[in-house]
Amino acid sequence: MKHILVTGANGQLGQCLKVLAQSSEHSFTFLNSKELDVTNPNQITSVFKTQSYDFCINCAAYTAVDKAESEVNQAQSINAQGAKNLAEACKTFNTVLIHISTDFVFDGTKHISYIETDATNPLSVYGQTKLEAEQYIQEILERYYIIRTSWLYSEFGKNFVKRMLHLARNRDELNIVDNQIGTPTYAMDLAKVILKMIPTEVYYGLYHFSNQGVASWYDFAKVIFELTQTTIKVNPIPASSYPTPAERPHFSVLNKAKIVQNFNLEIPYWQESLKKCIKALF
Ligand SMILES: NC(=O)c1ccc[n+]([C@@H]2O[C@H](COP(=O)([O-])OP(=O)(O)OC[C@H]3O[C@@H](n4cnc5c(N)ncnc54)[C@H](OP(=O)(O)O)[C@@H]3O)[C@@H](O)[C@H]2O)c1
């Protein structure tokens with residue numbers, strides 16, 4: 001049995017881990033942003049002193065991608081400095097850090113799926129701060145897992161699935177971007193993979209994980225409405241017709257070959273996982 005500390009426990013991924021923890025052989029401590037503020041090194045030290053942790057899963061993040069463009073310091077402090085603070089505590093207390101990063105570290109100019117060693121070039125403040133976090137962790141620690149994921153959704157928190165269903169309540173028609181291509185990822189699938197990585201403790205390093213398959217936001221919205229039998233007209237539009245403060249990559253499909261091979265995974269297609277999330281929502 002391992003002792004596992006989870007930061008940012010009230011976020012989407014944190015809440016998925018909480019569900020899985022109920023039937024896990026491991027012992028979990030879930031701390032929210034007040035109980036453990038990753039920007040506060042003293043608070044981190046006192047948490048790590050109360051108990052010896054084998055793993056720390058960092059689910060804490062500043063995830064408001066557009067807002068980050070105007071709240072640069074806050075995004076930097078939580079995403080980059082916060083990850084650095086945790087990495088330093090993990091080094092001092094001999095804990096393995098499992099950290100979540102993003103497809104937004106890439107600029108999206110590639111035409112085939114991104115592998116872990118591809119060049120990064122974030123287009124947004126959010127992507128830049130998440131990349132800085134990766135760099136700090138890699139400098140400070142030898143025993144870490146960094147998992148880049150994409151388009152995370154679940155029955156918890158704020159996400160695209162819940163936003164579409166909410167908008168559909170008051171609209172007959174929606175315009176959704178069809179020229180940004182990636183892969184929706186069910187946070188419960190990511191949480192399961194994280195728990196599968198825990199007993200292995202050998203293949204440390206950087207990984208990509210998303211569900212299988214490829215979609216545009218338009219495809220994603222269409223399937224959400226099909227599965228929920230929601231009657232609404234969905235119009236495909238280019239990203240140029242929906243300007244946002246943060247620029248997003250046009251293509252950010254992640255190649256999962258490394259994580260599949262090292263951890264012997266079978267990754268579900270995004271449509272199959274979306275069905276499960278929608279079942280959990282209704
Ligand atoms: N969401 C996506 O589409 C997506 C895509 C790719 C990668 N990721 C990455 O996946 C990970 C999990 O994302 P998520 O969607 O589960 O995020 P989320 O739902 O936004 O949750 C983030 C959590 O971090 C907490 N937090 C914020 N500031 C904190 C601080 N200073 N100290 C401790 N906790 C703090 C928040 O708490 P409060 O609510 O109290 O502020 C919140 O509970 C993140 O690393 C994210 O960057 C997400």
Side-chain angles (χ1 to χ4, degrees), residues 5-20 29-44 47 56-68 71 73-87 89 97-106 108 114 122 124-134 136-137 144-164 180 182-191 193-194 206-211 215 217 220 246 248-249 252-254 270 277:
L5 171 66
V6 180
T7 68
N10 285 350
Q12 293 197 79
L13 181 60
Q15 293 197 67
C16 290
L17 285 165
K18 259 186 212 169
V19 172
L20 299 181
T29 303
F30 287 95
L31 298 181
N32 64 32
S33 58
K34 288 204 176 65
E35 294 158 332
L36 197 166
D37 176 353
V38 295
T39 67
N40 183 340
N42 294 335
Q43 200 182 14
I44 294 176
V47 165
C56 169
I57 307 175
N58 182 22
C59 300
Y62 181 108
T63 54
V65 176
D66 287 315
K67 229 167 145 192
E71 292 189 347
N73 290 344
Q74 213 180 327
Q76 214 277 338
S77 159
I78 297 168
N79 288 346
Q81 193 61 43
K84 182 174 186 238
N85 294 339
L86 284 176
L97 179 61
I98 302 181
H99 177 81
I100 315 304
S101 191
T102 171
D103 55 333
F104 284 12
V105 299
F106 296 116
Y114 278 94
S124 60
V125 168
Y126 170 75
Q128 178 59 37
T129 59
K130 296 293 290 183
L131 179 61
E132 282 168 35
E134 292 185 5
Y136 282 134
I137 293 165
Y144 66 83
Y145 296 109
I146 297 171
I147 309 166
R148 292 184 186 137
T149 190
S150 62
W151 300 20
L152 218 53
Y153 68 89
S154 68
E155 52 271 45
F156 306 109
K158 287 186 190 162
N159 56 64
F160 186 79
V161 175
K162 289 172 81 178
R163 186 165 155 71
M164 287 300 110
Q180 283 169 357
T183 312
T185 304
Y186 185 25
M188 197 62 86
D189 289 341
L190 174 60
V193 166
I194 291 172
L206 175 62
Y207 289 93
H208 286 176
F209 177 81
S210 68
N211 279 121
W217 293 108
F220 192 12
R248 288 160 169 78
S252 62
V253 176
L254 299 173
W270 68 266
C277 176

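All ligand and atom numbering here is 1-based and tracks the order in the structure. Numbers here are sequence positions counted from 1. All figures in this text were calculated on a predicted structure; none of them were measured in a lab.
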Taking the non-hydrogen atoms of [X], is any one of them nearer than 4.0 angstrom to ligand 1?
X	result
Ile78	yes
Gly14	no
Trp151	yes

Look at the rings of Phe106 and Tyr114 and say which category their plane angle falls in: under 30° parallel, 30 to 60° tilted, over 60° perpendicular.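 Parallel.
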Please confirm whether [X] comes within less than 3.5 Å of ligand 1 when only nitrogen or oxygen atoms on both sides are compared.
X	result
Ser33	yes
Val38	yes
Ala61	yes
Asp103	no
Gly11	yes
Asp37	yes
Tyr126	yes
Ser150	no
Ile100	yes
Thr149	no

More than 12 non-hydrogen atoms from neighbouring residues, nucleotides or ligands closer than 6.0 Å to NZ on Lys67, yes or no?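 No, not enclosed.
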Looking only at atom types and distance, does a side-chain atom of [X] sit under 3.5 Å from a main-chain N or O of [Y], one as donor and one as acceptor?
X	Y	answer
Gln12	Ser154	yes
Asn79	Ala61	no
Gln43	Lys34	yes
Thr185	Ser150	yes

Measure Lys34 to ligand 1 on non-hydrogen atoms and call it side chain, backbone, both or neither using the 4.0 Å cut-off.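 Near ligand 1, Lys34 shows nothing, with every heavy atom at 4.0 Å or more.
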Mode of Ser101 contact toward ligand 1 - side chain, backbone, both, neither (heavy atoms, under 4.0 Å):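 Looking at Ser101 and ligand 1, just backbone atoms fall under 4.0 Å.
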For Ala80 versus Thr129, what's the shortest heavy-atom pair and its separation?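 For Ala80 versus Thr129, the nearest heavy atoms are CB-O, 3.6 Å.
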For residues Leu254 and Arg148, report the shortest heavy-atom separation together with the two atoms involved.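 Heavy-atom minimum between the residues: CD1-O, 3.4 Å.
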Could you tell me if the ring centre of Tyr136 sits under 6.0 Å from that of His99?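 No, the ring centres sit 6.0 Å or more apart.
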Is the shortest distance from atom 36 (C) of ligand 1 to a protein heavy atom below 4.0 Å?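 Within 4.0 Å: no protein heavy atom nearby.
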Protein heavy atom under 4.0 angstrom of atom 39 (O) of ligand 1, is there one?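 Under 4.0 Å from atom 39 (O) of ligand 1, zero protein heavy atoms found.
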Steps toward ring pair (Phe, Tyr, Trp, His ring centres under 6.0 Å) verdict (Phe160, Trp151): CA-CA 8 Å; Phe160 186 79; Trp151 300 20; 7.5 Å; no
Output the list of atoms in ligand 1 that are nearer than 4.0 Å to some heavy atom of [X], sorted by atom number.
X	value
Leu36	32 (N), 33 (C)
Ala60	24 (O), 33 (C), 34 (N), 35 (C)
Lys130	44 (C), 45 (O), 46 (C), 47 (O)
Leu13	16 (O)
Cys59	22 (C), 23 (C), 24 (O)

Residues Lys130, Asp103: salt bridge by 4.0 Å N-O rule: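 Salt bridge between Lys130 and Asp103, a charged N being under 4.0 Å from a carboxylate O: no.
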Report the nearest protein non-hydrogen atom to atom 3 (O) of ligand 1: residue, atom name, distance rounded to 0.1 Å.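 Of the protein heavy atoms, Leu152 N, 3.1 Å lies nearest.
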Return the closest protein heavy atom for atom 19 (O) of ligand 1 as residue, atom name and distance.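 That would be Gln12 N, 2.9 Å.
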In a check of side chain to side chain contact (heavy atoms under 4.5 Å, CB included) between Ile57 and each of Ile98, Leu5, Leu97, Ile147, which one passes?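 It is Ile98; the other options fail the test.
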Does a donor on one side chain and an acceptor on the other come within less than 3.5 Å for Thr7 and Asn58?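 Checked: Thr7/Asn58 side chains pair up, N/O donor to acceptor below 3.5 Å.
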Is there side-chain contact between Glu134 and Thr102, with heavy atoms separated by less than 4.5 Å?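 When only atoms from C-beta onward are counted, Thr102 and Glu134 do not touch, as no gap falls below 4.5 Å.
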Find out whether Thr149 and Leu13 are in side-chain contact, i.e. whether some heavy atom of one side chain is under 4.5 Å from a heavy atom of the other.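 Thr149 does not reach Leu13 side chain to side chain.
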Please compare Asn159, Thr63, Val105, Thr129 and report which has the shortest non-hydrogen distance to atom 17 (O) of ligand 1.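 Considering heavy atoms of Asn159, Thr63, Val105, Thr129, the nearest to atom 17 (O) of ligand 1 sits in Thr63.
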